[in-house]
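Worksheet for the structure shown next.
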Protein chains: 2
Amino acid sequence: MENLERIERPTPLPEPVARHTGFVLYKVAQFLQEALDRALEPWGLKTRHYTVLAVLANRGPLSQQAIGQKARIDRATMVKVVDDLERLGLVERRRNAADRRLYDLTLTDAGGETVAATEAAVLRAEADALSPLSEEQRARLHELLASLFAPGP
Amino acid sequence: MENLERIERPTPLPEPVARHTGFVLYKVAQFLQEALDRALEPWGLKTRHYTVLAVLANRGPLSQQAIGQKARIDRATMVKVVDDLERLGLVERRRNAADRRLYDLTLTDAGGETVAATEAAVLRAEADALSPLSEEQRARLHELLASLFAPGP
DNA sequence: TATTGTTATACTCTATAACTATA
DNA sequence: TATAGTTATAGAGTATAACAATA
């Protein structure tokens, strides 16, 4: 009972590498990744499945390749991810009428519900993982990280 | 010649997941990791080799297990990492006289020089990767990330 | 000829379990 | 019996190349 409210945190890095932002960043990212994977486990999903579902929910029907390019998942891996999602009844592969090489990947009703539920779970997991930071600090962290990306194409 | 001074930056995430700090963090960490691996390539090293060398340089002779615990590298993996470092002539395995199951891993002279050179390379790579941030912003980022670790044991 | 999706393959990284030598 | 290091093996995750259907 003694560790009831104790949230697992990443253990500190040994001294020399703890001064490298790159190493600290990598470690924190690993920790967040594990928290997100745990949060998605009840649905039998990993973060890349969630990414595909979330992109589909926001950008309507897309081909596997189109999603893969957005999410940086190569097409061979996309096949397996979509296999998983199809097996779970969350997306459907429908041939594009205009170009029959393409699929129009579409969310099923169950897929739509799953996106909503998993998004809430992901947000909770992130809030938990980042709970040592205030709301303002979290926003600041997000902003600093976002500024490292290239200007959008 | 047109892209001469252009530094590769991570491409932005697609809209829904770009709002998740966890996903942004993971992506930035991947980018940093790649930059560090590229920086260490001239020495035939990866980040985990550098970690072991850096810990050894700061904490004197240690057993494989002791380093592994600090750096979160399991003992089977440590064997291969130390094999690599030994093959490169950067560390030596000397049996601990008091407990002959243990090694006293020690840096060779070449190992010491390599630590200094690679540390400089790693710092340069980090500075490059984080160059869109001011010095103050970098320090702030590091501080925010560091506060997510558990209090040291 | 080029492209989407598929399959098979390989390579890296990591984790597990069994083995040895020492304690 | 327990521990440090070793070895073999297996499981993810990811990348590459060849193939079929379609353009």
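Reminder, nothing fancy here: chain letters follow the sequence lines and each chain counts from 1.
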Quick check on the 6.0 Å ring-centre criterion: do A/Phe23 and B/Tyr50 meet it?
yes

Starting from P on C/dC13, measure out to CG on B/Leu45 and report it in whole angstrom.
13 Å

Could you check A/Arg72 against A/Ala98 and say which one's nearest nucleotide on DNA chain D is further toward the 5' end?
A/Arg72

Can you check the A/Asp74 CG to D/dA18 C1' distance for me, whole Å?
15 Å

Judged by atom type as modelled, is there a donor-acceptor pair below 3.5 Å linking the side chain of A/Thr77 to the main-chain atoms of A/Ile73?
no

Using only atom types and a distance under 3.5 Å, with no angle test, would you say the side chain of A/Gln33 pairs donor to acceptor with the backbone of A/Gln30?
no

Please confirm whether the backbone N or O of B/Leu148 pairs with a side-chain atom of A/Arg9, one donor and one acceptor, at under 3.5 Å?
yes

Closest nucleotide of DNA chain C for A/Gln30 versus for A/Asp99: which of these residues is on the 5' side?
A/Asp99

Nearest-neighbour nucleotide for the B/Arg48 side chain, C/dA23, C/dT16, C/dC13 considered:
C/dC13

Which nucleotide in the set C/dA2, C/dT14, D/dT14 lies at the smallest distance from any side-chain heavy atom of A/Lys80?
D/dT14

Can you check the A/Gln69 CD to C/dT3 C1' distance for me, whole Å?
11 Å

Separation of C/dT22 atom C1' from B/Asp104 atom CG, nearest Å, is 15 Å

Winner on side-chain proximity to A/Arg100, out of C/dT22, C/dT14, D/dT22, is D/dT22

Examine the base of D/dG5 for any acceptor or donor lying under 3.5 Å from a partner atom in the side chain of B/Arg75, and report the outcome as yes or no.
yes

Counting side-chain heavy atoms from CB outward, which of C/dG5, D/dT7, D/dA4 is closest to A/Tyr103?
C/dG5

Within 45° of the axis and under 6.0 Å from the centre of the six-membered ring of A/Tyr103, does NZ or CZ of A/Arg95 qualify?
yes

Which is true for A/Arg93 with a 4.0 Å heavy-atom rule: it touches a base, it touches only sugar-phosphate, or it touches nothing?
sugar-phosphate

Residue-phosphate contact under 4.0 Å: A/Lys46 side-chain N/O, D/dG13 OP1/OP2:
yes

Taking the minimum atom-to-atom distance to the side chain of A/Arg101, which one of C/dA23, C/dC13, D/dA23 wins?
D/dA23

Send over the distance from B/Leu102 CG to D/dG5 P, rounded to a whole Å.
6 Å

Protein-nucleotide distance (A/Gln33, atom CD; D/dT14, atom C1'), rounded to Å:
14 Å

Roughly how many Å is it from CE in A/Met78 to P in D/dA15, rounded to a whole number?
14 Å

Taking CG from B/Asn96 and P from D/dG5, how many angstroms apart are they, rounded to a whole number?
10 Å

Quick one: which of C/dA23, D/dG5, D/dA12 gets closest to the side chain of B/Gln64?
D/dG5

